[in-house]
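If you're wondering where the values come from, they're calculated on a predicted model, not measured in any experiment. Scope of the values below: all heavy atoms of this structure, side chains included, with no hydrogens, waters or symmetry mates.
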Amino acid sequence: MNASASASVPTTAETLRTALGGLLGGLPPKQATAAVDRLIANYRGRTPTDAPVLRDRSDVAAYAAYRMPATFEAVRSALDALGEAAPRWSPGSHVDVGGGTGAATWAVDAVWDGPRDTVVLDWAEPALALGKELAAASGSEVLRAAEWRRAVIGAGLALPAADLVTVSYVLGELTPEARRAVVAEAARAGQAVVLIEPGTPEGYLRIREARDQLIEAGLRVAAPCPHDGTCPIEVGKDWCHFSARVSRSSLHRQVKGGSLPYEDEKFSYVAATRFPVEPAPSRITRRPQIRKGLVQLDLCGPQDGESSGLTRVNVTKRHGDLYKAARDADWGQEWPPAATS
């Protein structure tokens, strides 16, 4: 994993924001806002199609300003969880399916300093062109050397073998048949597969279905689940999702119409592998509730004959170091932390 960058060296996220600002600063605000409004409907997964969502340069520029920082942080969070489950593994090759402007590729580069062989596939030429421009503005040799290739994302997709295959915020754009075909091909081609969708009930259901498909294909779940068993959540009553904090640039705030310097991106994901992993003992599935002398944690853990795997635990001061860890714990982290388990 990357060490924390010094104050004098921009982080990958900062470099991405700078690159976005340089490329998108001249975009007319009204044009950007109109494109964003249309893209929001697609992002929420209500219009699955067999055609690209990003149609032209203005669509792509609006998408990059509206979605790319949030996608980057969500994917990086999912990849961090995979890295925790496989601490001695790093990908030498990466295929980003439906990668658009390359947010997932930037995230992979941030987590592992980038695999030496990276291919970004998308069906929208304008997205690939802008993604290549953004990568050229980065300080990463891996990003600058990435191959940006047009491909139809759906049935008939053929992927090169890769250590890591990512499919982020794509499944909701596809018909059910195309979705199953893409997941099947990712499972065939990848040693590790990471799928990310919006943290909505619909996004969770797509991830849940894809998780089952990956397990049937012989992969084992690395994160977020601590087991390969059936998801214990009752459909229609709850959904599994997590949150990533996203810093907003002034351009980002302008396009999205917000005033806060940050936002929280909700996402659902699954990471699965064909190699041995060390899943979390359990995962914190909601924001911890801190009370006086007590922290309440909602957990998903191992299943057995008496437990579905979903539990709620109270950690109090009498638990000593574990209580201190609980006060610092965050939604999505493993529990108990490695240092205290």
Side-chain angles (χ1 to χ4, degrees), residues 35 38-57 59-60 62-64 66-68 70-72 74-75 78-79 93-108 117-132 134-135 146-190 192-198 202-203 205-207 209-211 213-214 217 219 267-272:
R38 188 180 65 81
L39 291 169
I40 287 173
N42 285 291
Y43 162 69
R44 288 174 177 165
R46 304 191 188 281
T47 55
T49 69
D50 281 319
V53 172
L54 304 177
R55 300 176 300 191
D56 54 32
R57 173 80 181 199
D59 270 3
V60 173
Y63 167 82
Y66 167 58
R67 284 300 309 158
M68 200 170 175
T71 301
F72 168 83
V75 177
L79 296 176
S93 54
H94 170 218
V95 175
D96 187 5
V97 178
T101 52
T105 298
W106 282 73
V108 171
D117 181 14
T118 298
V119 178
V120 183
L121 302 177
D122 201 89
W123 45 14
E125 289 281 9
L128 295 168
L130 184 58
K132 190 172 183 178
L134 289 169
E147 180 183 354
W148 303 78
R149 187 190 307 168
R150 189 178 186 279
V152 175
I153 310 302
L157 177 68
L159 301 178
D163 292 337
L164 174 64
V165 175
T166 56
V167 188
S168 58
Y169 295 89
V170 172
L171 300 181
E173 298 176 10
L174 305 176
T175 62
E177 295 77 11
R179 189 182 309 150
R180 286 190 291 271
V182 168
V183 172
E185 181 62 6
R188 183 202 64 79
V193 177
V194 180
L195 310 175
I196 305 99
E197 283 289 292
E202 296 85 1
L205 286 178
R206 291 191 290 271
I207 289 296
E209 292 169 1
R211 175 185 182 272
Q213 194 176 345
L214 292 174
L219 283 74
F267 64 98
S268 295
Y269 78 98
V270 63

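Partners of Ser268 by side chain to side chain contact (heavy atoms under 4.5 Å, CB included), not counting sequence neighbours, listed by chain and number: Tyr204, Ile207, His241. Every residue two or more places apart in sequence or in another chain was checked for a salt bridge (Lys or Arg N to Asp or Glu O under 4.0 Å) with Arg180, and none qualifies. By the side chain to side chain contact (heavy atoms under 4.5 Å, CB included) test, Asp163 is found to be paired with Trp89, Pro91, Ser93, Gln191, residues two or more places apart in sequence or in another chain being considered. Under the side chain to side chain contact (heavy atoms under 4.5 Å, CB included) criterion, Ala161 pairs with no residue, sequence neighbours left out. Scanning for side chain to side chain contact (heavy atoms under 4.5 Å, CB included) contacts around Ala210 gives Leu171, Val183, Leu195, with sequence neighbours left out. For Thr166, the side-chain hydrogen bond (donor to acceptor under 3.5 Å, both in side chains) criterion is met by His94, Asp96, not counting sequence neighbours. In this structure, Gln213 has no side-chain hydrogen bond (donor to acceptor under 3.5 Å, both in side chains) partners at least two apart in sequence or on a different chain. Taking Glu147 as the reference, Arg149 meet the salt bridge (Lys or Arg N to Asp or Glu O under 4.0 Å) condition, with sequence neighbours excluded. By the ring pair (Phe, Tyr, Trp, His ring centres under 6.0 Å) test, Phe267 pairs with Tyr269, sequence neighbours left out.
Closest of all the heavy-atom pairs between Tyr169 and Ala74 is OH-CB, 3.4 Å. The minimum heavy-atom distance linking Leu159 with Glu185 is given by the pair N-OE2, 2.8 Å. Contact detail for Ala272 and Leu214: the closest heavy-atom pair is CB-CD1, 4.0 Å. Shortest non-hydrogen contact noted between Ala186 and Val165 is CB-CG1, 3.8 Å. A pairwise comparison of heavy atoms in Val75 and Ala107 identifies CG1-CB, 3.8 Å as the closest pair. Contact between Val120 and Gly100 at its shortest, heavy atoms only, is CG1-O, 4.2 Å.
Under the 4.5 Å side-chain criterion, counting only non-hydrogen atoms from C-beta, Val108 is not in contact with Thr118.
Each of Asp122, Thr71, Leu130, Leu128 was evaluated against Thr101; a single residue qualifies, Leu130, per the side chain to side chain contact (heavy atoms under 4.5 Å, CB included) test.
From Glu197, atom CD reaches atom CD of Glu209 across 10.5 Å, with rounding to the nearest 0.5 Å. Atom CD1 of Ile153 sits about 8.0 Å away from atom CG of Leu174, to the nearest 0.5 Å.
Without hydrogens or angle criteria, Arg150 side chain to Glu125 main chain gives no donor-acceptor distance under 3.5 Å.
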